[in-house]
Amino acid sequence: MKILIIEDEDNLRKTLATSLEKERFIVEHASDFQTALSKLNDYDYDCVLLDIMLPDGNGLTLLQELKKMHKKESVIIISAKDSLEDKVYGLDVGADDYLAKPFHLAELHARVKSVIRRKQNEGELKIEVENLKVYPDRHSAFVGEQELTLNRKEFDLLYYFVTNPGRLIHKGTLAEAVWGDCIDQADSYDFIYSQVKNLRKKMKLAGALPEIRAVYGFGYKMCYGNSSTENEK
């Protein structure tokens, strides 16, 4: 799961990034309006932590721009402005949650996981695709009753696939979601092939019914039931 922190205070931004990385999130950040707008235009995120007061603009304007893009990021406003009117206005213009500064990191983590779960998993603590069960909060996955032994990137890949079942996913999109925005500068995506190959092998050995198929020249797709594509293998 990938988070964008939009916060101009350096120490707070670094503290938030460190704490969220310990929770196994991929974390990107922006310290001003224009950088944030560029990232929101170019990349997708699971959740955006948005400060209202930025040196070159207003965070609420960013929120309005995000909605115009018709993107699906969950947005949590983090602001020193904690009046009821501020909170109501922030939620009215499209935020999913509002957290007043100062706040405990544990509460932030819980709220981030909650808004992502509401958006992606329909509020459920687990995601099921046929006989495959994934528990994002626990970073674990099972085929039937057998737990899959996955490294961090294998789990992150699996989570992305199960939240996009049946969707044809380009290698670049997959790389950005699991390795972060800077990966778009990579010379090749060979590292994805290796990780996906290992994940597919572990799923097959465990008897998983969903199957991750390679689509020649493009990327991958998690197939289940009778779904198929001519160039899949």
Side-chain angles (χ1 to χ4, degrees), residues 1-8 10 12-14 16-52 54-78 93-97 108-109 111-113 115-121 136 152-153 155-165 167-193 195-196 215 218-222:
M1 292 176 278
K2 193 165 71 166
I3 310 294
L4 175 63
I5 302 171
I6 304 172
E7 167 62 57
D8 66 322
D10 289 343
L12 178 57
R13 189 175 64 253
K14 292 174 182 177
L16 294 177
T18 299
S19 69
L20 288 165
E21 285 168 352
K22 288 180 180 178
E23 293 293 307
R24 297 182 57 169
F25 289 104
I26 303 296
V27 180
E28 304 293 338
H29 50 81
S31 60
D32 57 71
F33 184 98
Q34 289 301 325
T35 301
L37 183 59
S38 177
K39 282 186 170 289
L40 291 171
N41 264 308
D42 294 343
Y43 304 107
D44 294 322
Y45 302 92
D46 294 292
C47 183
V48 176
L49 302 181
L50 176 62
D51 187 15
I52 293 177
L54 297 171
D56 56 342
N58 189 298
L60 295 178
T61 305
L62 271 177
L63 179 56
Q64 292 166 346
E65 290 298 318
L66 182 62
K67 298 305 176 182
K68 289 178 184 178
M69 297 175 199
H70 302 291
K71 300 181 78 173
K72 298 181 179 180
E73 281 85 343
S74 298
V75 177
I76 300 176
I77 292 175
I78 51 173
V93 295
D96 296 275
D97 203 348
L108 175 68
H109 298 164
R111 293 197 185 207
V112 168
K113 292 174 183 177
V115 296
I116 292 175
R117 190 163 59 239
R118 290 202 303 268
K119 277 281 178 71
Q120 294 191 344
N121 311 339
R152 176 173 176 172
K153 292 306 181 186
F155 178 84
D156 291 345
L157 285 166
L158 179 60
Y159 176 79
Y160 195 84
F161 281 120
V162 297
T163 54
N164 295 277
R167 173 187 166 193
L168 185 56
I169 303 170
H170 188 269
K171 290 177 288 186
T173 300
L174 194 59
E176 289 170 13
V178 176
W179 277 269
D181 297 348
C182 62
I183 206 66
D184 63 0
Q185 302 171 21
D187 294 331
S188 74
Y189 295 118
D190 290 345
F191 58 94
I192 294 180
Y193 172 78
Q195 295 281 0
V196 173
V215 180
F218 191 86
Y220 298 93
K221 178 181 180 181
M222 172 169 275

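- Between Leu66 atom CG and Leu60 atom CG the span is 12.5 Å, to the nearest 0.5 Å.
- A distance of 8.0 Å separates CG in Leu16 from NE2 in His109, rounded to the nearest 0.5 Å.
- Listed here is the closest heavy atom pair of Phe155 and Pro136: CZ-CA, 4.1 Å.
- Of the inter-residue distances, the one linking Gln195 atom CD with Trp179 atom CH2 reads 5.0 Å to the nearest 0.5 angstrom.
- Nearest approach of Arg152 to Phe25, heavy atoms of both residues: NH2-O, 3.5 Å.
- Residues meeting the side chain to side chain donor-acceptor pair (under 3.5 Å) test with Asp32, sequence neighbours left out: Thr35.
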Legend entry - side chain to side chain contact (heavy atoms under 4.5 Å, CB included) evaluation trace for Leu157 with Leu174: CA-CA 8 Å; Leu157 285 166; Leu174 194 59; 3.6 Å; yes
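- Nearest approach of Lys171 to Gly219, heavy atoms of both residues: CG-CA, 3.6 Å.
- Each of Asp97, Asp96, Ile116 was scored for a side-chain contact (heavy atoms from CB on, under 4.5 Å) with Arg111, with one residue passing: Asp97.
- Once rounded to the nearest 0.5 Å, the distance linking CD of Gln34 with CG of Leu54 reads 10.5 Å.
- Contacts of Arg13 classified as side chain to side chain donor-acceptor pair (under 3.5 Å), with partners at least two apart in sequence or in another chain: Asp10.
- Here the CD1 atom belonging to Ile5 is positioned 12.0 Å from the OG atom belonging to Ser31, to the nearest 0.5 angstrom.
- Ring pair Tyr45/Tyr43 is perpendicular by interplanar angle, where above 60° counts as perpendicular and below 30° as parallel.
- The salt bridge (charged side-chain N to carboxylate O under 4.0 Å, His left out) test applied to Asp8 returns no partner, not counting sequence neighbours.
- At least one donor-acceptor pair under 3.5 Å links the side chain of Lys67 to the backbone N or O of Gly94.
- Annotation: Phe218, atom CZ; neighbour count of heavy atoms from other residues, nucleotides and ligands within 6.0 Å is above 12.
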Inset, instruction - Could you walk me through whether Met222 and Leu158 pass side chain to side chain contact (heavy atoms under 4.5 Å, CB included), step by step? - result: CA-CA 9 Å; Met222 172 169 275; Leu158 179 60; 4.0 Å; yes
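- The side-chain heavy atoms of Leu49 and Leu20, taken from C-beta on, include a pair separated by under 4.5 Å.
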Inset, instruction - Decide yes or no on side chain to side chain contact (heavy atoms under 4.5 Å, CB included) for Glu65 and Leu40, but give the supporting numbers first. - result: CA-CA 9 Å; Glu65 290 298 318; Leu40 291 171; over 6 Å; no
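- Minimum heavy-atom separation, Gly180 to Glu28: CA-OE2, 3.3 Å.
- With Thr163 contributing its side chain and Tyr159 its backbone, the two residues share a donor-acceptor pair below 3.5 Å.
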Inset, instruction - Start with the C-alpha distance between Val48 and Leu62, add both sets of side-chain angles, then the distance that settles side chain to side chain contact (heavy atoms under 4.5 Å, CB included), and finish with yes or no. - result: CA-CA 11 Å; Val48 176; Leu62 271 177; over 6 Å; no
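- Taking Glu21 as the reference, nothing meets the salt bridge (charged side-chain N to carboxylate O under 4.0 Å, His left out) condition, with sequence neighbours excluded.
- With values rounded to the nearest 0.5 angstrom, Asp56 atom CG is found 10.0 Å from Leu37 atom CG.
- Judged by distance alone, with hydrogens and angles left aside, the side-chain atoms of Asp51 form no donor-acceptor pair with the main-chain N or O of Ile6 at under 3.5 Å.
- Residues Lys71 and Asp44 approach most closely at CE-OD1, 3.0 Å, considering heavy atoms.
- Within the 4.5 Å cutoff, the side chain of Met1 has no heavy atoms near those of the Lys113 side chain.
- Residues passing the side chain to side chain donor-acceptor pair (under 3.5 Å) test with Lys153, sequence neighbours excluded: none.
- Residues meeting the side-chain contact (heavy atoms from CB on, under 4.5 Å) test with Thr18, sequence neighbours left out: Lys22.
- In plain terms, the two heavy atoms of Gly59 and Leu50 that are nearest each other are O-CD2, 3.2 Å.
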